[in-house]
Amino acid sequence: MKNWIVSEINKDEAKRIQTEYGLPPILAMLLQIRGITKREEIEDFLQNDSVIASPFEIKDMKKGADRILSAIDNDELICVYGDYDADGVTSTALLYSYLETVGANAMYYIPSRETEGYGMNKGAIDILAEKGVKLIVTVDNGIAAVEEIDYANSLGIDTVITDHHQPTGKIPNAVAVIDMHQSDCPSKYKMLSGVGVAFKLVMALEGENCDVSSLLDNYSDLLCIGTVGDIVELKSENRVFVKRGLVNIQESDRAGINALIETAGIAGKKITSGNVSFTLVPRINAVGRLGFSGKSVSLLLTDDENEAMSIAKQLNEDNNERKEIEKNILMKIDEMVKANPHITNDRVLVIDGEGWHQGVIGIVAAKVKEFFGKPTVVISRDGEEAKGSGRSVEGFSLCDAVFACSDLLTHCGGHPMAAGLSLKSKNIELFRQRINEYALKQENMPFNACNIDCRLNPALISVQLVEPLAYLAPYGAGNPTPLV
Ligand SMILES: [Mn+2]
């Protein structure tokens, strides 16, 4: 069940936008409803050349870039330390390929989702130390790696963090910590994905007079996949990345992207943010979910069409396998709910099972949340240890709720809409109680809403009416497909 919420419209203002800019009425109405009403906002939105702000607005950017430049000059081995999801993979591919082009001595490392989990770990740092790495640059992770970075320091390895996750408390003792969510970071735009932050770092490495447009020609395809994959809002800079990226993906000269498009069966079709989110992103994620995370990065980097095709085919199979595993877990949850219907009365659903595949519990949580309209955490037990992944409903900050229970958890992190955690299996019941006590303190829990832009007289609906809506694309988080 969903709450239908029809947006308010200010007809006079819509009329003003319509006449002032000579826009079709429906477009003017939707812009007004979505709060895009000032001249520069409208121009930004429709012309898509929103200015990408200087990277140096972000705290520590100069420090981080200087450390990397000196590593390049001194031929120190640099390791880009990424993550296995689409945002982490594209961030890694973007920064690594840039470092390669400028002749840096570079490598990349993607931890295994299965055996290492998200973020930095000491075992990985040992491997990198062995290889002679002198500088680690994290992308899409690192803000929570306090102990791991101390450990790297103790081995004489410097670290530059680039991340877009919320700081969880103590900030790691790295050479530079580039994350807009630090309370003392002066940057105005905070909604970048991991790949967006990696791109800003590349801009900074290029220096004050960097040619943003040619960097976008080179990297907007990766920016688009990571930005859509991480479901950050498609406004402002993110919108530029995705809009430019969609054009770029359509005529990509990356063998891997072409192979993905072909094996996904969308060759020759117009690439939309929807295609990216439902076909490219799940395939890139699938390999991280089921093993060999580094493969997606090699897919994005290779020039060899045969290699690209063989990895893309494998990703396709992994994706099918992922869907199968997901279906089985959902069936088990369905049985659990039928046997104990009261478990769905909680404000935050916490559902656990033994040996559920780590890589798919986040997607399962998203589906359960969609169905019941409540924030949901799905936990997989592996003997005494357990790991969970949660998805929230707009208006309830899941990371705050999870952080409030952090004394029960061995690890936690995330965003308002999604969080990850690990804990002892014996604490799951207590966690369920505590997160629900936290939720009970909220006055009202948000209800799953169906946001409707406006009411239209059915007699007015025609193809001509709908055509101008293309100007509002790409659609996604923060800029949903219009619903009337
Ligand atoms: Mn990310």
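Start at 1 and go down the list; that is how both ligands and their atoms are numbered.
- Looking only at N/O/S atoms, Asp87 comes nearest to the Mn ion (ligand 1) through OD2.
- Of the options Arg34, Glu233, Lys235, a side-chain hydrogen bond (donor to acceptor under 3.5 Å, both in side chains) to Asn479 is made by Arg34 and by none of the others.
- Here His165 does not reach the Mn ion (ligand 1): none of its N/O/S atoms is less than 2.8 Å from the metal.
- Between the side chain of Ser298 and the backbone N or O of Gly294 there is at least one donor-acceptor pair closer than 3.5 Å.
- Rounded to 10°, the angle formed at the Mn ion (ligand 1) by Asp140 OD1 and Asp230 OD2 is 160°.
- Residue Ile266 qualifies as enclosed at atom CD1: its count of foreign heavy atoms under 6.0 Å is above 12.
- Electrostatic pairing of Lys134 and Asp158 does not count as a salt bridge here, judged by no charged N lying under 4.0 Å from a carboxylate O.
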